[in-house]
Amino acid sequence: MRLTRFFIKHLIFFIPIFLWLFIYRKALMGGPCMTRHGMDYYFLIKYYMENLIRGVFPMWDPFLFWGKADDLDMRFIGEFNPFLWLYPLFLKLGFAPPQSFIFYAISYFFIGLIGFYLLAKRIFKDRLLACCAFVLFLFSSEVAPIFNNFCIALLVVPAVWFFYFLVAFAQEPDQKFFLGLVFSVMILAITYMPFYWLTVLIFFLISFIVLYPKETKTILGRWMNFIVRNKLIVLFGVLAIGLAMIPGILWYCSAQRGDFVFSWRHAGAEDPNAASVNIETINAGGIIAPYIFKSLFSHLDQADLFFYIPGVCFVILALAVLNRLNRVSIILFVVGFIIFLITLADLTPVHRLLYQSVYFFRLFRNIFYFLYMAIPVFILFCVEQLRLLFNNQPIDTKTKIYKLGGIFLLHLGFLWFLYRQEDIIPSFYITVGLSFIFFASYYLGWIKRERPVFAATLIILLVLSPVDVFRSCLKNGFSIVDWKPKDRFYPRFSFLRPFKKDEGDFYKGKSPQDVQDASGFASWKYSGYPASYLLHEHINHDILETYVRHKFVVYDNAQTRDGQQFDFKVMEKVFAQRKNIAFVFPDPLRPIASSSASSLDSISGEPLFVEGNSSEFQLDVFDINRVQVKTMFPVQKFLVYNDNYDPAWQVFVNGRREEILRANLAFKGIWLKPGKNVVEFRYGSWPRHFVNFFLLFFFNGFFLYLVGRWILFYRGNTGIKDVQMKTA
């Protein structure tokens, strides 16, 4: 009975959720629902979590670009985010990997929804209005990243929770809100580019301080008192955020030193940091502006949800001319509008000004991600206008006539505007008509806010057009691809890399990342090391791919070469003629005197290109960060492992650490003594592994502590309410 009353009381939530789940029922049942780009995040999370549950923290990816550090890829998914464990949880429950990912992605989206509802409830102090914000968020473009670019959801969800905890902590300086604030910042710090959130925060703080100077002073006073009373907790929070920033800082420093090449990000950039982006590359995003405006109203039956806000929002905006300006409206409008202007790139001077004056704006590549930061602000602005419309109900007859006349003219004007657009879906017109009936009935006093019919009509008004758009989108809009059974990043070793041209696509559509462990790659999308990029740019691709497809090559000879004045044609000739000599380069690459080795023409025989296990060479152990082989050669040999060289690699021969040499400019090499040898290549020192696992346990432990604390808080509040009810 209590459960029944709970569902009846919260029907205003459950009906939109059930509608949403019904629309996406095929995705929930395991049907194809991902776009090409969305598949990349599925593969990445699958790769990371399935290695982690085997006890291996992925630090090195041996399958892309001849091997590369995993730092940048891990930034995309926030490798320490506790919610990633939802993916293996669904696997454990028996779901296939693609379906487990979809369940995880949808769950994470709904976690963001809950945070947005709580944020709206804090701002408006009204459950119905908070529910309206919830529904508008549920049926906006914020759902699109689940299926086509999950990185955006990973940025938006913790940002929403951060602002909830920020508002709550400003209203009630309590430990639980402070710790929630700290944890939100920690998640944001480890996820791709935290500067999207930071930009929104900066503009919000400036607007709030300008419009609420007295309240700002009061809030700062409360926070100072909190700090004085909770010194240890505040110190813990500062240290926790500092720890969370370590991976991003290390990655940034590596990019600053030039340890990596990001050809797809850095091409043409003036800043030497490899992570920076040329402003013209960013400005390419400006072409979305005409598309955005057109897609707000026209051809919604073919929308791809790239940028979509429920049509009722525009009706509310039209009616907002009847409202008086207030400070909340101004803050939401200013923040949302500035963020939107940034998204337009070179179509306005805002982005160029920020690019030139604020350093971290040089690090953004996907400027359109700001759209998804602006949508929640825009929704809150619309709900604030809705609140003002509800609170300004006229009392006398004359005011009612003016209000009704204004409502009629505004709806009529909006209908005329729609008529002038192309291909407007019928449900949009119905929404406008129902809106007029709803507001006219409310101002005439025919329906009351306290009555269930008021909430029911309002929810219908909110979801009518979006349900139609979402249904059509799944049918006509998304470029949905079928799941393929191939395990792209499964840690399975092969002695030979396939040629790029022989490796088929895993799904419809072409992607520069659709080739696993291939011997070649596309230059424009390279993300790896300068040395291998130099090889790729200076040596014939067919010759290079033929050589690099063999992961292990065993030579009889090795020759030291100059690190900066090397003739790549010499190496190309050696690769093409399969000469039995490797080149050894200094680390770091710098000019040195070449050795007096014999002429290349005098080199006889061919090296051993290992194609599988044999009596001389056997693979013993392989995981993402480690390769161990056993060799048995009668004479001294030089072993080259055609996997990118990185100073963080270590090699142990028969349990004893030896020096790794930079072989053939980009790869790893080592001299082997005659006889039996056990050779182990290991990436990362034990301190690095310790830091990664420590952060993993720290994030998850902190999260579990917060969950436990909030459960106790709500149980305590329930107990207090029960006592009060019994006393009454």
Practice task
Would you check if Asn225 and Pro173 make a side-chain contact, meaning some heavy-atom pair closer than 4.5 Å?
Solution key: no
Exercise for the section: Applying side-chain contact (heavy atoms from CB on, under 4.5 Å), run through Ile45 and Tyr104 and close with a yes or a no. Expected result: CA-CA 10 Å; Ile45 289 174; Tyr104 152 69; 3.6 Å; yes
Problem - Check: Trp161 and Leu119 side chains under 4.5 Å, non-hydrogen atoms - result: no
Practice task
Quick one: closest heavy-atom pair of Leu461 and Val312, and the distance?
Solution key: CG-CG2, 3.7 Å
Exercise for the section: Could you walk me through whether Ile152 and Phe368 pass the side-chain contact (heavy atoms from CB on, under 4.5 Å) test, one step at a time? Expected result: CA-CA 10 Å; Ile152 297 173; Phe368 73 90; 4.2 Å; yes
Problem - Point-to-point distance, once rounded to the nearest 0.5 Å, from CD1 of Ile330 to CZ of Phe208 - result: 13.5 Å
Fill in the blank from the handout: What one should report as the nearest heavy-atom pair of Pro310 and Pro466 is CB-CG, 3.5 Å
Practice task
Determine whether more than 12 heavy atoms belonging to other residues, nucleotides or ligands lie under 6.0 Å from atom CZ of Phe697.
Solution key: no
Handout entry: Partner of Tyr108 by ring pair (Phe, Tyr, Trp, His ring centres under 6.0 Å), out of Tyr41, Tyr87, Phe83
Key = Phe83
Exercise for the section: Begin from the C-alpha positions of Phe378 and Phe337 and carry the test ring-ring contact (aromatic ring centres under 6.0 Å, His included) through to its verdict. Expected result: CA-CA 8 Å; Phe378 180 78; Phe337 187 64; over 10 Å; no
Practice task
Examine Phe169 together with Trp223 and report whether their ring centres are nearer than 6.0 Å.
Solution key: yes
Completion exercise
In short, Pro247 meets Glu79 closest at the heavy-atom pair CB-OE2, 4.4 Å
Problem - Sub-4.5 Å side-chain heavy-atom contact between Val156 and Trp197 - result: no
Problem - Reported CD1-to-OG distance for the pair Ile316 and Ser435, which is rounded to 0.5 angstrom - result: 7.5 Å
Handout entry: Flag for Tyr48-Asp70: side-chain donor and acceptor within less than 3.5 Å
Key = no
Completion exercise
From the list Val315, Leu319, Leu317, side-chain contact (heavy atoms from CB on, under 4.5 Å) partner of Leu410 resolves to Leu319
Practice task
Assign the ring pair Phe116 / Phe137 to parallel, tilted or perpendicular, where the plane angle (0 to 90°) is split at 30° and 60°.
Solution key: tilted
Practice task
Flag the pair Pro82 / Phe183 as yes when at least one side-chain heavy-atom distance between them is below 4.5 Å, and no otherwise.
Solution key: yes
Exercise for the section: Working to the nearest 0.5 Å, report the span between CE of Met59 and CE of Met74. Expected result: 11.5 Å
Exercise for the section: Would you list the pairs meeting side chain to side chain donor-acceptor pair (under 3.5 Å) in which at least one residue belongs to residues 162-191, sequence neighbours left out? Expected result: Arg122-Gln171, Arg122-Glu172, Asp174-Lys176, Gln175-Asn230, Gln175-Arg709
Practice task
Look at the side chain of Arg222 and the backbone N and O of Ala170, then say whether any donor-acceptor pair between them is shorter than 3.5 Å.
Solution key: yes
Practice task
Using modelled atom types only, decide if a donor and an acceptor are shared between the side chain of Ser207 and the backbone of Ile331 within a distance under 3.5 Å.
Solution key: no
Problem - Trace of the side-chain contact (heavy atoms from CB on, under 4.5 Å) decision for Leu344 with His351 - result: CA-CA 8 Å; Leu344 300 183; His351 174 258; over 6 Å; no
Exercise for the section: Check the angle between the aromatic planes of Phe177 and Phe165 and answer parallel, tilted or perpendicular using the 30° and 60° thresholds. Expected result: tilted
Problem - Under 3.5 Å donor-acceptor, Asn366 side chain and Tyr369 backbone - result: no
Fill in the blank from the handout: When every non-hydrogen atom of Leu363 is compared with those of Met193, the smallest separation belongs to O-CE, 3.2 Å
Handout entry: Test item: Leu386 and Cys132 side chains (from C-beta on) under 4.5 Å apart, heavy atoms
Key = yes
Handout entry: Any Ile367 side-chain heavy atom under 4.5 Å of Phe370 side chain
Key = yes
Handout entry: Non-neighbouring partners of Phe110 that pass side chain to side chain contact (heavy atoms under 4.5 Å, CB included), sequence neighbours left out
Key = Ile17, Trp20, Ile106, Leu113, Leu138
Handout entry: Between Phe414 and Phe314, ring centroids under 6.0 Å
Key = no
Handout entry: Exercise: do Asn323 and Glu384 side chains pair donor with acceptor under 3.5 Å
Key = no
Practice task
Quick one: do Leu86 and Phe103 satisfy side-chain contact (heavy atoms from CB on, under 4.5 Å)? Show the steps, please.
Solution key: CA-CA 8 Å; Leu86 289 172; Phe103 285 160; over 6 Å; no
Practice task
Over 60° means perpendicular and under 30° means parallel, so classify the ring planes of Phe454 and Tyr442, tilted if in between.
Solution key: tilted
Handout entry: Ring geometry between Phe390 and Phe438 (parallel below 30°, tilted from 30 to 60°, perpendicular above 60°)
Key = perpendicular
Practice task
Give a yes or no on whether the backbone of Phe195 and the side-chain of Thr199 come within a donor-acceptor separation of less than 3.5 Å.
Solution key: yes
Exercise for the section: Give the minimum heavy-atom separation between Leu155 and Met373, together with the two atoms involved. Expected result: O-CE, 3.7 Å
Fill in the blank from the handout: Of Tyr705, Trp710, Phe703, the one forming a side-chain contact (heavy atoms from CB on, under 4.5 Å) with Val707 is Phe703
Problem - Backbone N/O of Leu696 and side chain of Asn700: donor-acceptor pair under 3.5 Å - result: yes
Problem - Check: Tyr196 ring centroid to Phe364 ring centroid under 6.0 Å - result: yes
Completion exercise
Tyr443 meets the ring-ring contact (aromatic ring centres under 6.0 Å, His included) criterion, sequence neighbours left out, with none
Handout entry: Note, Leu136 side chain near Leu462 side chain (heavy atom, < 4.5 Å)
Key = yes
Handout entry: OH (Tyr359) with more than 12 external heavy atoms under 6.0 Å
Key = yes
Practice task
State, with a plain yes or no, whether a side-chain heavy atom of Leu201 is found less than 4.5 Å away from one of Phe163.
Solution key: yes
Exercise for the section: For the pair Lys231 (side chain) and Val228 (backbone), establish whether a donor and an acceptor sit closer than 3.5 Å, ignoring hydrogens and angles. Expected result: yes
Exercise for the section: Looking only at non-hydrogen atoms, find the nearest pair between Pro16 and Ile459 and report the distance. Expected result: CG-CG2, 3.8 Å
